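To keep things clear, I will list the structure first and then write my remarks on it.
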Protein chains: 2
Amino acid sequence: MDFDKQMNSRITIVDVAKQAGVSFGTVSRVINNDVHVKKETRERVVETMERLGFVANRQARSLAGGKSNSIGVLVPDLGTGYIGEIIRGIDAELSLTDLDLILYTTHRTASKETNYVTNLATGMVDGLLLVLPRSPADFIGNLTQSKFPFVLIDHQGAGRDCPSVGAANWQGGYNATEYLTNLGHTRIGFITGSMDLGCAVDRLDGYRSALRTYHIPDAPELIYEGDFFQPDGYSGAQAMLDLPEPPTAIFASNDVMAMGVMDAVRNRGLRVPDDVSVVGFDDIPQASLVRPALTTINQPLEKMGRVATQMLLDLLKHPEKKADRIELPTHLIVRDSCKSPRLD
Amino acid sequence: MDFDKQMNSRITIVDVAKQAGVSFGTVSRVINNDVHVKKETRERVVETMERLGFVANRQARSLAGGKSNSIGVLVPDLGTGYIGEIIRGIDAELSLTDLDLILYTTHRTASKETNYVTNLATGMVDGLLLVLPRSPADFIGNLTQSKFPFVLIDHQGAGRDCPSVGAANWQGGYNATEYLTNLGHTRIGFITGSMDLGCAVDRLDGYRSALRTYHIPDAPELIYEGDFFQPDGYSGAQAMLDLPEPPTAIFASNDVMAMGVMDAVRNRGLRVPDDVSVVGFDDIPQASLVRPALTTINQPLEKMGRVATQMLLDLLKHPEKKADRIELPTHLIVRDSCKSPRLD
DNA sequence: ATTTTTCTTGTAAACGCTTCCATAACTGAA
DNA sequence: TTCAGTTATGGAAGCGTTTACAAGAAAAAT
């Protein structure tokens, strides 16, 4: 493993072959673990490769072999810790293989997404992991049709019939709401996420279903349309607390907005959870750090990345396999931000 | 841009050439913006490429052209939001070019690091961005020697003479401590980070220097060796508050530990900042979210990623350029976790 | 000992592009 | 008109592999 040797003059299989006294074909076979190599020959070649510090040229292998040995991960951006968690899972799983991870960000430009996918599917990567919370784009159809291996992550909507992994958003919305009703709340505010995202819709549906189950009448004024960012949590809470009959609990579609809610509550001199209970969604790291610690729905992001990667690897191995959708369970994490409503 | 055409039968420059009635050499020239192409010819070729949905094969270009059109980013892991921020900056900058970002995680295995670097530098990528907070490994020397373009991020220590970007950790440590002394504190506890990391050492040094400047006597019992994780913040604070003469302020080497400190303070029935002031380091997103909002030192992680990338791009363009180290300033962010000590 | 069969190895032809060299097609000046 | 001087284009050689295919060597069967 002499570093310099590798750096200066690139060592190729031909060099190795010459040194080992075999043909380059044999060296190639050794690299690819071909069975048809005598044991001693293989050992000699391996030894030579190590001595020379040979590293196979990835590009050449791709070109000749028709596969790139890397998988592409397409994400909208890296802004939220949310995506980072998913990538972490992907990386963890990928590091068990010899596949490279090529990261692409679309920065929320739909045109860029299509463009990338086209490029990628044209030989740059062997498979694709798509984190695209937005509504499904055309290219998903194309991808499916062309049988290019890919898995969707946290993507609901039209893509139900292609390989994807998501979280049980509906269930989470339901469970959180159920928890609040069980505590005795009947005026439960809800702050939605961006409604163009499937997950936001599902969470809202879960909330509504729970209310129905527990015979709590619809109250449109208790639903505020947010966008997943903190300011909307704040303003949503303000709006609701201004109501003649304000909610005793507020369920925000994600933790960041829930923190906005907490701020708004406090800024009116009210207390969490004594005056207003707050529930979030996601269970981001800071959920356990804020005071009071936030009761929330845990979404297994890292695991979603892992599972999606496993699915893709499986797809790569067995291209004929049918697509399926895996929905990972969400869990209610009870902390300190909820309480039974005061009886006044 | 017909998707299907691309997916099914790969379109090559030869196909384009045939359709456009030119030789593939000319097509190649068009792709590479070679000056020696008649305007009309170029237009015709471009039109044909678009019509056919031609996408150049990256591997082939790399193989033939001798460069990979991608840069490698080597990080220890993705566990902390910290790295995510840096990658975000890298990505932002890279998306202005047509370079791909290949992400490698070493998962804290030194052997893996060396291995990767060797591989990468052997033609897999055109340049390397290394986020390696640990003490410098041999390969940095090799990299330098072989003139492979690379930039170190947030890495102090022996690598002072190679291209790198970091944050003013010493200054941050100094400023935070100075701020506390200015508030009137004289018993200031410090919880260090992992001392095998250059940044942790620098922060401690900054703290010490500030104390010296303000003639505050050394108090070894007020320095607790932590590891950058929350539990150590907690236990460090506990240990110090048990002291006969406990600190009136605690400065933790990063925000996560500072939150541990806050917890510990509260768990003893004391209040932040009334009884104990707390300062963190990093300014992670949740720093502004916790209550009381954490006063801390802002470290421009995203910008570090950006700057490092710019340096690398520059290095790629002008390989002869001298290495330099850029230190990005840190800033004190005053929030609500500090107060003058009570006068008892 | 001879002929199969089975292993093992060598070789040539891709893979899709860049790049250099040669040639062809234009310039404009003599 | 002719000859250099440009500029535009075609084509060949290679980049470092993989992957047939062919051939040689060894082992097994006759």
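A note on names: the letters A, B, ... follow the listed sequences, proteins ahead of strands, and every chain is numbered from 1. All values derive from a computational prediction rather than experimental measurement.
Side-chain contact of Asp100(B) with Tyr104(A): a donor-acceptor pair under 3.5 Å is present, judged by distance alone.
The one candidate from Ile31(B), Val45(B), Asn57(B) that meets the side chain to side chain contact (heavy atoms under 4.5 Å, CB included) condition with Ile13(B) is Ile31(B). Screening Ile71(B), Thr309(B), Leu312(B) for a side chain to side chain contact (heavy atoms under 4.5 Å, CB included) involving Leu99(B) leaves a single residue, Ile71(B).
Classification of Arg51(B) and Glu47(B) as a salt-bridged pair holds, one side-chain N sitting under 4.0 Å from a carboxylate O. A salt bridge links Glu85(A) to Arg88(A): at least one charged side-chain nitrogen sits closer than 4.0 Å to a carboxylate oxygen. Between Glu40(A) and Arg42(A), no side-chain nitrogen of the basic residue sits less than 4.0 Å from a carboxylate oxygen of the acidic one, so the salt-bridge criterion is not met.
Across the protein-nucleic acid pair, Phe24(A) atom CZ and dT19(D) atom P stand 14 Å apart, rounded to whole Å. The separation between Arg58(A) atom CZ and dC15(D) atom C1' is 18 Å, rounded to whole Å. Between the CZ atom of Arg42(B) and the P atom of dT7(D) there is a distance of 15 Å, rounded to whole Å. In this structure, CG of Leu52(A) is placed 15 Å from C1' of dG16(D), rounded to the nearest angstrom. Whole-Å rounding puts the Asn69(A) CG to dT17(D) C1' distance at 12 Å. As a whole-Å value, the separation of Asn57(B) CG from dC15(D) P is 18 Å. Nucleotide dG16(D) holds its C1' atom 8 Å from the CZ atom of Phe54(A), rounded to whole Å.
Not a single donor-acceptor pair under 3.5 Å links the side chain of Asp314(B) to the backbone N or O of Gln310(B). Under the 3.5 Å distance criterion, the side-chain polar atoms of Asp15(B) are matched with a main-chain donor or acceptor of Thr12(B). Between the Thr41(B) side chain and the Val37(B) main chain, no donor and acceptor come within less than 3.5 Å of each other. Distance alone, capped at 3.5 Å, places no donor-acceptor pair between the Asp126(A) side chain and the Lys67(A) backbone. At least one donor-acceptor pair closer than 3.5 Å links the side chain of Arg44(B) to the backbone N or O of Ala20(B).
Contacts between residues 60-68 of chain B and DNA chain D, defined by a heavy-atom separation under 4.0 Å, are made by Leu63(B), Ala64(B).
For Glu43(A), there are no salt bridge (charged side-chain N to carboxylate O under 4.0 Å, His left out) partners, not counting sequence neighbours. Residues passing the side-chain contact (heavy atoms from CB on, under 4.5 Å) test with Ser23(A), sequence neighbours excluded: Thr26(A).
Contact annotation: the side chain of Val73(B) approaches that of Val75(B) to within less than 4.5 Å [non-hydrogen atoms, C-beta and beyond].
In this model, the phosphate group of dA8(D) is approached by a side-chain N or O of His36(B) to a distance below 4.0 Å at OP1 or OP2. Close to dT18(D), at under 4.0 Å from its OP1 or OP2, lies a side-chain N or O of Ser28(A).
Closest-nucleotide positions on DNA chain D for Thr41(B) and Ile13(A) were compared, and the one nearer the 5' end corresponds to Thr41(B). Both Thr26(A) and Gln59(B) lie near DNA chain C, and the one whose nearest nucleotide falls closer to the 5' end is Thr26(A).
The bend of the helix from dA1(C)-dT30(D) to dA30(C)-dT1(D), defined by the angle between the axes of its first five and last five pairs, stands at 50° to the nearest 10°.
Across all strands, Val14(A) comes closer than 4.0 Å to no nucleic acid atom at all (heavy-atom distances).
When DNA chain C is scanned in the 5' to 3' direction for atoms under 4.0 Å from non-hydrogen atoms of chain B, the outermost contacting nucleotides are dG16(C) to dC20(C).
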Worksheet item: Reading nucleotides 20-28 of chain D from the 5' end, what letters show protein touch, with B for base, S for backbone sugar-phosphate only, - for no heavy atom under 4.0 Å?
Response: B--------
